[in-house]
Structure formats: structure tokens, C-alpha cells
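Please read these numbers as outputs of a predicted model, since none were measured by experiment.
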Amino acid sequence: MALIATSIKINKPASVIFAHLTNVENMKNEYVEKIEIDGALRLGAKYKMFTKAGGRLIETVNEVVGFEQDKLVSTKTFAAPPASDMVSTYILEDEGGATKVTFQSEAQLTVPGMPSMPGMEDMMKKQMIAGFDATLAALKKKLEG
């Protein structure tokens with residue numbers, strides 16, 4: 001498992017960012033079509049996420065495995081083989097009226113049992129960080145306007 005992380009500074013208090021991140025309606029975007037959850041996002045909550053990819057609707061099961069008010073929200077995504085499960089976490093740190101938001105993921109970068117080419121893990125890390133950076137930039141734009 002590799003730990004991949006990136007951060008951004010958002011000019012909003014952690015409470016505003018945490019409220020946004022834990023509102024399941026805010027998880028919907030051009031790829032996420034719907035979310036099914038009983039109740040609010042909280043520690044131990046399980047939910048299904050339905051994403052569109054290649055003209056298909058893909059269902060993933062997720063569980064909130066870390067939840068600290070205004071500080072952290074962590075979700076485990078249960079992947080169908082050959083992919084592996086991964087844990088994604090938002091960490092919020094106060095920076096005097098602004099908040100440092102770190103997004104990190106613990107993920108298996110190569111599929112077990114599949115041949116690995118030289119440089120594959122570095123390529124996967126770079127692609128994931130680029131995606132994380134785009135996610136954080138979109139969050140910043142949405143919250144700061």
C-alpha cells in the first residue's frame with residue numbers, strides 16, 4: 001500500500017469545509033450520479049456511490065472509518081477484484097482563519113498477480129496526485145467562490 005497525499009489552503013474555517021465534505025449531496029458531480037445512505041454521514045455509516053464510466057453505472061460500497069468534527073473524515077472504498085480496497089481521508093488544519101486541507105489515500109498501486117512494468121507505480125502516483133490536486137482546486141473554487 002502506498003500513501004499518496006496533497007494539500008491546499010482554503011480561505012474558510014474548518015467548520016465550513018467539514019460541513020461541505022460531510023454533506024452527501026455535495027459528493028454528486030458529473031461522474032457521481034447518486035448516493036444511497038441511511039441517515040447522515042458519521043463514523044461507521046455505510047453508503048453506496050453510483051458513478052458513470054464508459055457508459056456504465058458502477059456501484060461502490062463505502063464506509064466512514066474516521067470522523068472527527070471539523071478535523072477529519074476518512075472513507076474506505078471496497079473495490080471489486082482485481083482492484084483493491086482503498087482509504088481516502090480529508091484532514092483539516094486551522095491556519096489562522098484559513099484551513100489547510102490535505103487529501104490522502106492509501107492505495108495499492110499495482111494489481112496483485114499482474115505483471116508490473118518499471119515506472120508503473122510512479123506513473124500511478126503522479127496520476128493520482130493530479131486527480132487529488134484537481135479535486136482540491138474544485139473544492140477551493142466552490143467554497144471561496
Side-chain angles (χ1 to χ4, degrees), residues 1-93 99-145:
M1 291 289 241
L3 180 63
I4 301 142
T6 189
S7 299
I8 197 167
K9 182 177 177 180
I10 298 179
N11 292 311
K12 293 288 178 182
S15 60
V16 170
I17 299 167
F18 188 84
H20 180 85
L21 292 173
T22 57
N23 180 338
V24 294
E25 289 302 310
N26 292 330
M27 292 180 190
K28 294 179 185 172
N29 59 35
E30 70 231 52
Y31 305 107
V32 177
E33 191 166 286
K34 91 178 167 176
I35 309 270
E36 291 180 356
I37 186 170
D38 290 330
L41 208 62
R42 65 193 182 290
L43 188 62
K46 291 185 179 173
Y47 61 95
K48 292 180 184 177
M49 183 178 286
F50 297 86
T51 54
K52 294 181 281 188
R56 297 180 346 156
L57 197 59
I58 300 168
E59 175 184 329
T60 57
V61 176
N62 306 275
E63 180 179 358
V64 179
V65 294
F67 194 92
E68 294 180 47
Q69 186 70 41
D70 301 338
K71 292 182 182 179
L72 175 141
V73 62
S74 186
T75 304
K76 182 173 186 175
T77 300
F78 299 94
S84 59
D85 299 348
M86 78 189 244
V87 176
S88 300
T89 304
Y90 284 95
I91 301 166
L92 309 177
E93 299 172 88
T99 305
K100 177 183 175 186
V101 180
T102 300
F103 182 76
Q104 68 182 35
S105 185
E106 297 174 60
Q108 183 73 36
L109 297 178
T110 56
V111 178
M114 296 293 285
S116 180
M117 297 186 307
M120 183 180 274
E121 285 193 24
D122 286 338
M123 179 187 73
M124 294 293 292
K125 281 182 188 179
K126 287 177 185 173
Q127 288 177 347
M128 290 178 77
I129 287 172
F132 295 171
D133 284 341
T135 297
L136 290 177
L139 178 65
K140 178 180 177 81
K141 183 176 182 180
K142 188 167 193 170
L143 292 175
E144 289 182 1

**OP:** With the side chain counted from C-beta on, respond yes when V32 and M49 share a heavy-atom pair under 4.5 Å apart, and no when they do not.
**Re:** yes
Subject >> For D133, side chain to side chain donor-acceptor pair (under 3.5 Å) partners two or more places apart >> reply: T6
Subject >> With T22 via side chain to side chain donor-acceptor pair (under 3.5 Å) - residues at least two apart >> reply: none
Original post:
Do the non-hydrogen side-chain atoms of H20 and K142 ever get within less than 4.5 Å of each other?
Top reply: yes
Subject >> F132 side chain reached by Q104 side chain, heavy atoms, under 4.5 Å >> reply: no
Original post:
Counting only N and O atoms by type, is there a donor-acceptor contact under 3.5 Å from the side chain of R42 to the main-chain atoms of A40?
Top reply: yes
Original post:
Relative to each other, are the rings of F103 and Y90 parallel, tilted or perpendicular (30° and 60° limits)?
Top reply: tilted
Subject >> Cation-pi check, K34 onto F50 ring (under 6.0 Å, within 45° of axis) >> reply: yes
Original post:
With side chains defined as the heavy atoms from C-beta onward, is the minimum distance between V87 and S74 less than 4.5 Å?
Top reply: yes
Subject >> Qualifying residue for side-chain contact (heavy atoms from CB on, under 4.5 Å) with L21, from L92, N26, L143 >> reply: L92
Original post:
Just by modelled atom types, is the K12 backbone N or O under 3.5 Å from a matching donor or acceptor in the T99 side chain?
Top reply: yes
**OP:** Could you verify whether a donor N or O on one side chain and an acceptor N or O on the other, from T75 and N62, lie under 3.5 Å apart?
**Re:** no
Original post:
Are T89 and V73 side-chain neighbours, meaning at least one heavy-atom pair lies under 4.5 Å?
Top reply: no
